[in-house]
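Keep in mind that this is a model prediction, so the values were computed, not measured. Side-chain atoms are counted along with the backbone in the values below, which use heavy atoms only and exclude waters and symmetry mates. To find a chain, count down the sequence lines: A is the first, B the second, and so on, and within it residues start at 1.
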Amino acid sequence: MAVAKITPKSEDYSRWYQDVIAQAELAEQAGVVKGCMVIRPHGFAIWEKMQADLDRRFKETGHKNACFPLLIPMSFIEKEADHVDGFAPELAIVTHAGGKPLEEQYCIRPTSETIIGHFFSKWISSHRDLPMLINQWANVMRWELRTRIFLRTTEFLWQEGHTAHATHAEAREEVYRMLQVYADFAREIMAMPVICGVKTETERFAGAIETVCIEAYMQDGKALQSGTSHDLGQNFGKAFDVQFQDTEGKRDFVWQTSWGVSTRLVGALIMTHSDDDGLVLPPRLAPIQVVIVPIFKKAEERAAVMEAACRIAAELRDDGLAVELDDRDEMKPGAKYYEWERKGVPLRIEIGPRDLQSQSVMCKLRIAAADERGRPKKLTLPMADLGLSVGKLLDEFQDFLYQRALDLRAAGSTSLDTWEEFSAAFEDDRSGFVYAHWDGTAETELAIKQETRATIRCLPLEGHGPAPEPGKCIKTGQPSERRVLFAKNY
RNA sequence: CGGGGAGUACCUCAGUUGGUAGAGGAGUAGCUUUGGGAGCUACAUGCCGUGGGUUCAAGUCCCAUCUCCCCGACCA
């Protein structure tokens, strides 16, 4: 029986990643538009769950949503020197409209600091207008040379927070507050542990004075930058003349921040939890948390089983769970099991004639140990108070996934002190999180990258990575105050 | 943007020295089935990526171009 197969991770991780996305019907290459993807309903539903939770967190921290134009005048992009240097190679530019060449060309937004800077200068005149706390859910476009579905596509969806403050201290508080929001979201909702840290100058956002990030550990040992938060200083304030009068009547430029996460998070989710059987979703992000598969042979069994299945579905929905009752007649139960497992549904409930007798149901979690006969272990739960017991199972599964991801990261993380060990750790396809000393120079950073393909993902913040201790640079032997995080990255 | 590979049915692919386009799966209809990927019968399914060229004749040969995949460089 030829069934579409998922390439095992051990054989080819990149193929596995693409197979999981195809088999779970998350997304596909647009094909007709270079480097762009179509996010299919199941993939988009996951993004919507992410959006809903993040949006709540943004509002709880005082931000309001707005929406700015997709097209940005080229002159805007050019106003901030570092910004234009960073983004110029990736811009898609609109040269014609209405059948005529445009007097001033537009680029399709690669990010919105410039156009938002323009409007901030109109909206802000007094310290009373500050802080200005804006978020935008939008699509952006960056003309990437090499694309990977969800991880790096020409067009992607994201949110970009943009804020303006009266003091640098206040802006920096915002930068770190939002970084923490991202880290909390990753841990609590995605069940994905992250390392919070500061980017080196090389990796900093074009136009920022400091970039902080959350870095996640993928199953193959590579790092994925999963969110960034930038201290823009007064760079854009000066470029767009965003000034305010303080309480003493003095004029000053605002201090700005920006921060974002994108549909890349869906890729992060896949490479954190999924396995050779397909997608694995943490319950808090699963568009379908529970699927019910009814089982019957004869018509009279069917009626009784369906009646019970509908009742259970309604009860679970009343308890706030997202439930799918798979009542398709044309498909046998086994085929349904495989399909919903590929799609990552955390819990399956099977209900058949035997269960009606015993007033219980069979449950199987998406990741289950094998029983004595090598079959995935199933649990029997009584029908009474099923919502409670299922809710508990899902909570435990969410915790299990986080702990498993944390353990995997711990197993793939080391602190190294010699160049021999360090370069061996990144030989061939090897990667992992390596904490090592660095002399703080861009030259050394580049030399290490060229020799090992590992880069400095971040300078971990306090509480992330090993405790600070002085040492000697892994490459040059120069003194170093603390270890930094090295890894290959996506 | 450099190096490699590939585009033929919805999917995975076969297609010989150039001679009327194929298989398996999926799909549709019917029957039979249902506690871990069922079976039989019938029916559909094509701008052979696109554009040019060579030829009596091109999926096949030549040129160009687009897209995807892998490995780098560049980047969320």
Trainee: Report yes if a side-chain nitrogen or oxygen of Ser262(A) is closer than 4.0 Å to either non-bridging phosphate oxygen (OP1 or OP2) of rA76(B); otherwise report no.
Mentor: no

Trainee: Looking across every strand, which nucleic acid part, if any, lies under 4.0 Å from Arg302(A) by heavy atom: base, sugar-phosphate, or nothing?
Mentor: nothing

Trainee: Should Lys449(A) be listed as having a side-chain N or O under 4.0 Å from OP1 or OP2 of rC74(B)?
Mentor: yes

Trainee: So, is Gln18(A) near the phosphate of rC70(B), with a side-chain N or O under 4.0 Å from OP1 or OP2?
Mentor: yes

Trainee: Donor-acceptor pair, Gln289(A) side chain versus Pro283(A) backbone, under 3.5 Å?
Mentor: yes

Trainee: Nearest of rC74(B), rG37(B), rG35(B) to any side-chain atom of Asp355(A)?
Mentor: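 Comparing rC74(B), rG37(B), rG35(B) against the side chain of Asp355(A), the answer is rG35(B).
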
Trainee: Do you know which of Lys9(A), Arg366(A), Gln219(A) makes side-chain hydrogen bond (donor to acceptor under 3.5 Å, both in side chains) with Asp275(A)?
Mentor: Arg366(A)

Trainee: Given rU34(B), rC70(B), rA76(B), identify the nucleotide with an atom nearest to the side chain of Ser14(A).
Mentor: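 Nucleotide nearest to Ser14(A)'s side chain: rC70(B).
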
Trainee: For the pair Phe156(A) and Trp158(A), name the ring-plane relationship: parallel under 30°, tilted 30 to 60°, perpendicular over 60°.
Mentor: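 Perpendicular.
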
Trainee: Give a yes/no answer on whether the side chain of Arg146(A) brings an N or O atom under 4.0 Å of OP1 or OP2 in rC74(B).
Mentor: no

Trainee: Tell me whether the side-chain N/O atoms of Lys34(A) come closer than 4.0 Å to OP1 or OP2 in rU67(B).
Mentor: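 For rU67(B), OP1 or OP2 has a side-chain N or O of Lys34(A) closer than 4.0 Å.
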
Trainee: Give a yes/no on whether any side-chain N or O of Gln29(A) is located under 4.0 angstrom from OP1 or OP2 of rC69(B).
Mentor: yes

